Amino acid sequence: MQPDNLKSMKETILALWNKSTAMAPLLLGSLFVISNEVFAGDNRAAVRQEAEQWRAEHRIIDLHQHLDYQPELLERAIRVMDASGVGLGIDLTPGTVTSGPDGQPGEFEAHKKMEDSLFPGRWVQYMNLDYKDWDQPNFAQEAVQQVEKGYKLGAAGFKEWKRFGLFLRDGQGKLIHIDDPRLDPMWERLGQLNMPVSIHVADPKAFFEPYNDRNERWQELRDHKSWWFGDTNVYPGWKDLLEALNRVVGRHPHTTFVCVHFANNAEELDWVTDSLSRHPNMYVDLAARIPELGRHDPGKVHDMFVKFQDRILFGTDFQSLQSKMILGSSGSEPPPTDADAEVFFRKEYRWLETWDRDWAHMTPIQGQWNISSIGLPISVLRKIYFDNARKLLARSLPTPILHARRTTRDFVPDADPSRVLWQTAEPAIVDCASEDGLAVPDLSTTVRALWSRQFLYLRFDCPYTLLSTFDPKKQSGKRAYFDKEGASLWDRDVVEAFIGADPGNPKHYAELEVAPTNEGLDLMVTLPDKDLQWTSSFESAVQIDKKSKLWICEMRVPLASLATMPPQDGTLWRLNFYRCDAAHRASLAWRPTLQDTFHVPERFGILEFSE
Ligand SMILES: [Zn+2]
């Protein structure tokens, strides 16, 4: 079958689907048997398998969590995240940066400190603003100062919740609105500091409709009377709140706004589509809105997710609080267990990954209806699950650690793909552009490290589409010309390791690189100087598998060339991996430097030697 025919057949299926929700399951049951055979791009089993692999590697990022900072509550959250494949959570409500009366660290600092010390690398924190001085004439400047302080304290972003327009009042008792000009300098500063804003205004549409048992969210409202905003004498209209936020997003095009809960309007896809189309700096998260999104025509939601695949982020509204655990929303029912939480996450994944129809959603209190899944392709899923968040948070993602595994068996590099020893070494994934953190999944490169008494071993597995090399390989000397554009080894395909063995001197590190021709190059860097006379005497081997389009490089570096003191179990070095691929014009990094050079040692990751 020709690809065009495949495409039109797929479109026919989707059209049929959209036409009749009642017929669709039957149609799918029969047509999907065919599709699994012929649509390489729409093989659901393969999609689910790939997503399971991401979860096994804990690659999922949950951009929307709320945690109270007590060890047992954090432990519970980690149990749930581990069971659900979530490697990193974004804690949106750690508190303000305001210091205590005697200069003690503020809520934000204490909260961050506990999360970072108990579970390093598992959360990043957004800051919250302190409004107590709202009525002071210099509040606009003070808000900017709070943001600057949060930035210095390591806040990854900024969260504002629905208090604007609904609760927060000035000294005269008047509601404060999200588009109040006093906040403009703060929104602007957040953009300059590259701190994304997660922002919540309004609430589900039903919360603004009459308070009675005909309200479709009656169960939720009955359990939470304070969530009802339908009294127009007290509260602005639902759309007025949403439009006020849109004005803020429009006024600050250089600030990234993640409008949470699917832009707070999962009820009206066209409105969200229109808003996203008008504002390139607007993003949305999925937190607690899959029940709402799942009620729409799944084909339409699918197409919208494909259209805005770069600006939709996975988030759940998972909350581990002192009062209880909350999964999206909750009411007077008994609090959920860890097992319930796992089911909740499973259902989130099911909605995004399958084409299942008409099934009970994950948050019954949010409404008594069933939902239908939207079967996204792999390329879109990985953006929503982690690539979009990694780019958004590139500045503040936790420093990655690669554990080099100890071996007693030295070997000469041969890049033999079947060498069993490597299977025991943990992978580092190099798949983001160094300059801005944008993922390039086609080139996703795996690097592993081993060490013995004498050597550090590195192995790079590099998928490629087209190799670009200098041929023939240079027989003597190093192909490195700092003043000649395009002539050095790194100007075509190459893998690189930057290794800093001296923690007291981070600007001092070795640079090793190898091309697919097995031409190598090494130098010692002591910024800003680069010493090409230095040699590590490293050896390397390359194998190219043209059939599966993979080139493998192994390096063996004498440890004595890198450090005066040999590493031991637990020794930490600084390390970054890079890959240049000319065909994709890609310069990838394990940890993106976020500059147009690889030589940013403060952005290196960590190599830990372990037994
Ligand atoms: Zn929330």
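First listed ligand is number 1; within each ligand, the first listed atom is number 1. The chain is numbered in sequence order, starting from 1. The shown structure was predicted, so the numbers you read here are calculated from the model rather than taken from an experiment.
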With a 4.0 Å cut-off on N to O distance, would you call K112 and E109 a salt bridge?
no
List-wise, which protein N, O or S atoms are found short of 2.8 Å from the Zn ion (ligand 1)?
H64 NE2, H66 NE2, D317 OD1
Whether R591 and E602 form a salt bridge (side-chain N of Lys/Arg under 4.0 Å from carboxylate O of Asp/Glu) is what I want to check.
no
Compute the centroid of each ring, for F305 and then for W351, and state whether the two points are separated by less than 6.0 Å.
yes
Aromatic centroids of W218 and Y211 separated by under 6.0 Å
yes
Are any of the side-chain nitrogens in E216 or R295 under 4.0 Å away from the carboxylate oxygens of its partner?
yes
Answer yes when D303 and K300 have at least one side-chain N-carboxylate O distance shorter than 4.0 Å, and no when they do not.
no
